[in-house]
Novice: 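After the structure tokens below, expect a handful of questions from me.
All chains are named by letter (A, B, ...) in the order of the sequence lines, taking the proteins before the strands, and each is independently numbered beginning at 1.
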Amino acid sequence: MSNFVEVERLGKVFSLPNGNTYVALKGIELEIRKGEFISLIGHSGCGKSTLLNMIAGLDSPTEGIVLVDDSPVKQPGPDRMVVFQNYSLLPWRTVRENIGLAVNTVLKHLPKQERDRIIEQHIDMVGLRPHADKQPAMLSGGQKQRVAIARALAIRPKVLLLDEPFGALDALTRGNLQEKLMQICEENGVTAVMVTHDVDEAVLLSDRIVMLTNGPESKIGQILEVDIPRPRKRMEVVEHPSYYSLRSEMIYFLNQQKRIKKIRARKTAAIARHGLEKVNLEIGFLPLTACAPLAVAKEKGFFKKHGLDEVTLVRESSWRGVVDGITGGYLDAAQMPSGMPIWLTLGGNNNQPLPIVSALTLTRNGNAITLAKSFYDQGIRTLSDFKDYLLRTRDRRHTLGMVHPASMHNLLLRYWLAAGGIDPDTDVSIQTIPPAQMVADLRSGSIDGYSIGEPWNLRSAVEGFGFTAATDLEIWLGHPGKVLGVREDWAAAYPNTHIALVKALLEACIYCGDRHNAEELREILAREEYVSTDKDYIQFDEPDANTCSLDRPMQEYAHHQFYGEGINRPIRTEHLWIMTQLARWDETPFPRNWVEILERVCRVGVFSTAARELGLDISYNRSSIQLFDNIPFNPEDPIHYLNSLKIKRDFAVADVIIDSRTPQKIA
Amino acid sequence: MSMSINRSRKNNSPLATFQNLLSDKKSRKIIAPIIAITIFLIVWQIFSSGPDANLPGPFKVVAQTWELIINPFFDKGATNKGLFWQIFASLQRVAMGFTLAAIVGISVGIVVGTNGFLFDALDPIFQVLRTIPPLAWLPISLAAFQQSNPSAIFVIFITSIWPIIMNTIVGVQQIPQDYVNVSKVLQLSRKEYFLDIVFPATVPYIFTGLRIGIGLSWLAIIAAEMLIGGVGIGFFIWDAWNAANISQIIIALVYVGIVGLLLDKLIAYVAKLVVPENK
């Protein structure tokens, strides 16, 4: 009984009038358990209705097969009853007669009395008793769809197939019907597949959400498990901690599909100019104070100065967008959290190693850990206070947000918690949330705190719903924050462009590091195309102590460092430390060939060339890494260091083989 | 509503009352045609009152045919019968021919509409046959039936069947895919499919065909009767022409027009009763 509906290698090819063919769906694999509610979601024309019709048997696949209850689907049948978007009621029959047609045809073997009882029972089930003798034209849209649902359920289908059932209804009616459908499905253990384009509807109703990529050759892009317990209530699910992350995951997916479509349509070739291999660059960034060097390089003309005439800054809403942009090859370069180059190189993204190189550290510091104001009100000030609190409230789930597994925020947050004896995986729940959404989540109370770059810590303190529990000062002063990352094959293809890019950004870093420019920087960053926030939230100096209305000044502010001795150099020891932390929390294996990987990721040579050409003094004193807990980090023996840590996961040590030159794929 | 009441209270002159009657949509529906007919009759009277007028004016028509108007039921044997009997005889022929055409046309239409091969095979033939004028069929049917009455009925049949067939075919072909899907999912048998889906879904189209068909039948019967003789309004007109009784022709034409209108309204009324209120 485990897999009730099985879709195997399903594909559909349409022949077009001009003799060509259109591959609508390809290689669809889906297994549906009995009693499961599945939603199919995707953009218009992605083939979700075609997939549903093929399960229904109304459309025949050109390859692959659908099995329902172990028998192949060859034609439509009442065991796979469909609820159509436009209701499909027969207008010359009353409500009772419409349901009756289905019951009397499909359940012929039952005595008439029994059939009549079923008809009446289902009229009552959808609450249409007063309208039983009306024809559909006299009913509202919602009532018609209720008839269609009653008609479908009355014949006891093995699978209920719904094709955008609530698409044409107004919001209020839709909400009521969704609850009704959910209740009926739960009570009767109905197995259902629903096509929808409404993300909220999908989260509310589904056990799993199947997201299809855009056509041609649509396939299943991602499947989300909805872990919200049943019975669900429309008003209550929104308060579940998973709700918004599921929702944003879907919206991200759908937006990404839209973007890929645009990129496919655009797809420009490299423009070579001024002795550079490529001057048209797309550089990804996230709206954070730390994006200052990129914004400045663009606004103050440093890109142009170094020959990069056509730089477009692409504002991503989450680090995942950066990851997809780099792996998909439609971003030339990106501002990355300092752990991302190593993480991508070691196969952190879907276990597919993608060699990334970093030749510039853009910023240091500027991160902090914020906890909800309610903790402060309960007297929690320090890490040990927080630990005591967690011990007291073991029955509750405490969720902390961070922006990406490979970001320094995640690694520092975990390090901080673990140093205080809190296991970041068992004692709390750490979730990935896009930076800009965290503030809203903390305000609404769906998370208890977060670790993030500015301006978001300052903002929660100013607006009075969070307080800064620890800043870089207390964890690791001067840690690498954001770095410049490009694909290794990109760096190999455009070596001079790479150096020019580092030069432009390094000059921008110098500009940002000059305190006299702070005011102008704040003004630039606050703009809509960058951080898009109130200027007051962007601080480069000590923020006014008054901005935090609590009874004592908040933790000292660890301001961003953009330029200075040893600030911008990519440092291997730091990347090694990141490597150990990623292995510690089992994000990636620890590579036995770590020396080789560090050599490849950390391009000190490019940085040195760029700095020398700018005439900068790049002398630098190697110093050891020192964190707040004073546990020494010995870069000569990272595995021994890892083993010496008390709180950690079962990490793997393995050879990570990365192809020297993966061919560049453009999405 | 209250505004029009106020207005009529203020102006009580006859002209104002008349204007009010015209501005009310319901009374206008009656008054406007009366005005138009009156003007038409006056113009007709003026044009036909000259000394060399070939056609009689309305007063003369009524005066000369007064016997026929007040006594439509007389029967003096042979073709000398009142207008009622003349029209009744024509209607009988139409009823028979049209009923046959409806039965055959709807059946053929449904079969051809559901079968792609038959449609492709027969559609060109239908397209040619439907353009043949009704009277062109008459010699053939006279040759085939050797009798005037069945020939006339056949002409009615063959004239009115094309619009019925064509509209039924379109109706079947236009059955919304949703209804077809419902029948597929419910696995309706062929009989259930025809009775529960195809026929009801096609009814509005069928009635459109029937309305066009009945109009054509009435057109055809007048012409056919002129040629085949016997009792019937068509031959009555022809007879009057031979007797140079223009007034009789005119009064017969009025009756023909009114009956044609009534037939059309009758089908429309039946359609309204049968066809579901479907947006």
Novice: Does Arg190(B), at its CZ atom, have more than 12 non-hydrogen atoms belonging to other residues, nucleotides or ligands within less than 6.0 Å?
Specialist: no
Novice: Heavy atoms under 4.5 Å from chain A: which residues of residues 109-124 of chain B carry them?
Specialist: none
Novice: Given side chain to side chain contact (heavy atoms under 4.5 Å, CB included), test Ile155(A) with Leu186(B) step by step and report yes or no.
Specialist: CA-CA 9 Å; Ile155(A) 57 174; Leu186(B) 294 179; 3.9 Å; yes
Novice: What part of Ala56(A) lies closer than 4.5 angstrom to a heavy atom of chain B: side chain, backbone, both or neither?
Specialist: neither
Novice: So Asn181(B) and Val82(A), do their side chains get closer than 4.5 Å, heavy atoms only?
Specialist: no
Novice: Might you confirm whether atom CE of Met125(A) has over 12 heavy atoms from other residues, nucleotides or ligands at distances under 6.0 Å?
Specialist: yes
Novice: More than 12 heavy atoms of other residues, nucleotides or ligands under 6.0 Å from CZ of Phe199(B): yes or no?
Specialist: no
Novice: Run the ring pair (Phe, Tyr, Trp, His ring centres under 6.0 Å) test against Trp162(B) and tell me which residues pass, sequence neighbours left out.
Specialist: Phe126(B)
Novice: So which of Arg93(A), Met138(A), Arg80(A) has the biggest tally of heavy-atom pairs under 4.5 Å with chain B?
Specialist: Arg93(A)
Novice: Minimum heavy-atom separation for Gln187(B) and Gly77(A), please, with both atom names.
Specialist: NE2-CA, 3.7 Å
Novice: What are the two closest heavy atoms between Asp178(B) and Ser88(A), and how far apart are they?
Specialist: CB-OG, 2.8 Å
Novice: When you look at CG of Leu253(B), are more than 12 heavy atoms from neighbouring residues, nucleotides or ligands closer to it than 6.0 Å?
Specialist: yes
Novice: Nearest 0.5 Å, what's the CG-CG distance between Asn104(A) and Leu188(B)?
Specialist: 11.0 Å
Novice: Using the ring pair (Phe, Tyr, Trp, His ring centres under 6.0 Å) criterion, which residues pair with Phe84(A)? Sequence neighbours excluded.
Specialist: none
Novice: Apply side chain to side chain contact (heavy atoms under 4.5 Å, CB included) to Val185(B) and Met81(A), showing your working.
Specialist: CA-CA 6 Å; Val185(B) 172; Met81(A) 186 62 190; 3.4 Å; yes
Novice: Between Pro78(A), Ala102(A), Pro136(A), which residue shows the highest count of heavy-atom pairs closer than 4.5 Å to chain B?
Specialist: Pro78(A)
Novice: With Glu192(B), which residues qualify under salt bridge (charged side-chain N to carboxylate O under 4.0 Å, His left out), at least two apart?
Specialist: Lys108(A)
Novice: Looking at Ile197(B), is its backbone amide N or carbonyl O close enough to the side chain of Trp92(A) to form a donor-acceptor pair, meaning the two atoms are under 3.5 Å apart?
Specialist: no
Novice: For Trp137(B), is the CH2 atom crowded, meaning more than 12 foreign heavy atoms sit under 6.0 Å from it?
Specialist: yes
